[in-house]
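Letters A, B, ... mirror the listed sequences (proteins, then strands); counts begin at 1.
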Amino acid sequence: MGVTKEQVKSSLTSKLNPAHLEVIDTSGGCGASFAIEIVSEQFEGKRLLERHRLVNSSLEEEMKEIHALSIKKALTPEQWKQQQESQVSKPAA
Amino acid sequence: MATIIHLSAIHTSSPSIRLFSSHSPQNTPNPSFNLPTKAPTFRSISLKPYIASKPRASVITSAVQSLSETELVTVPEEVEIAGKLPAETGVYAVFDQNGELQFVGLSRNIAASVLSHRKSLPELCYSVKVGVVDEPDRAVLTEAWKSWMEEHIKATGKVPPGNESGNATWVRKPPPRKKKSDLRLTPGPNVQLTVPLEELIDRLVKENKVVAFIKGSRSAPLCGFSQKVVGILENQGVDYESIDVLDEEYNRGLRETLKKYSNWPTFPQIFVNGELLGGCDILSSMQEKGELASFFKK
């Protein structure tokens, strides 16, 4: 059996203390594929690459079992707020 | 419905993904457009003899505004093109500095096509008219193209020079990157390497501006993420090298070594100027934000 959504969530929560976290199991149940949206203060001042590295390293153990991890969003709380606001007026985004 | 672009109204600094949505409300977002899997399929169609009396289906002519009603837009600078022309399916008409229509084309990615024309024919690409086709159905698209061609021929009695049969100026020259083959890390399976793999990888990414480590070949990527990456790079007209991490014959050991080298756990991996740019997610986010065109120009 692979990794559960809860495992991914708890690892990310404990390591990155996210202000917003969404983990979607895209594997259809086998636990090998996830899509993530994460908002954390730890991303502040970091490039996208570094943010993804943070997420990947937080999931080091889980990654051995996960086949595909798609990081949809890795934002700072501020960026998240902006995006939320712009989404209200622009549903197309 | 044709999209009219108001250059002044577009804020390129805005992080909004759908730059055009507010200007073309009738242009409903098409989710498939975010996943370009093909290279900009730009086709130059040689014009069949025009028969003036031939009736056209009136339903389809409404796919785009008429050519004369569409606003003329100066072709933006290369770095800005991504934000100012729609990267969507439709027809476009290119005019030279004297306002002479040079070429009418259709494309799955108008911005990319115009950009490539501008690169190869800067003297003939001064301004452009763009008509986005909402239903990217091949037939609708072709009809839209025809309607513009016929309108122009009716008005001037001439076929745009670039569309004349035999004129190959506007047709993409046999693109070298299409024929480009995937790079190989080693000369073969039975060759004793004199340098460690890390060093070969290091050289490879430093000697080539853009390198994509993908699963499968560039012409037939074997995983969805690799396919997406190849699609994005092709769409942006990036001159890149690809290398198949699944090729056990020529690239044995590459997967594990590369993961360590780049400290990145997954594939594909895209390197630019010797540095890891990221994987599929990063490339896609950059594309959505319109950051890629300027990035690869450097």
Rounded to the nearest 0.5 Å, what separation is found between the [atom1] atom of [X] and the [atom2] atom of [Y]?
X	Y	atom1	atom2	value
B:I282	A:H52	CD1	NE2	4.5 Å
A:N56	B:T266	CG	OG1	6.0 Å
B:K289	A:L48	NZ	CG	5.5 Å

Does any backbone or side-chain atom of A:R51 lie under 4.5 Å from a heavy atom of chain B? Answer side chain, backbone, both or neither.
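Contact with chain B involves no heavy atom of A:R51 at all.
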What part of A:A74 lies closer than 4.5 angstrom to a heavy atom of chain B: side chain, backbone, both or neither?
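Answer is neither: A:A74 stays 4.5 Å or more from chain B.
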If you count heavy atoms of other groups shown closer than 6.0 angstrom to [atom1] of [X], is the number above 12?
X	atom1	result
A:E60	CD	no
A:E50	CD	yes
B:E248	CD	yes

Residue pair A:L49 / B:L277: nearest heavy atoms and the distance that separates them:
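Between these two residues, the closest heavy atoms are CD1-O, 3.4 Å.
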For B:S262 against A:R53, the heavy-atom pair lying closest together:
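It is O-NH1, 2.9 Å.
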Strictly distance-based, threshold 3.5 Å: is any side-chain N or O of B:D281 a donor or acceptor partner for the main-chain N or O of A:I71?
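Yes; at least one donor-acceptor contact below 3.5 Å.
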Counting heavy-atom pairs under 4.5 Å to chain A, which of B:S285, B:P265, B:C223 comes out on top?
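Top count of heavy-atom pairs under 4.5 Å with chain A: B:P265.
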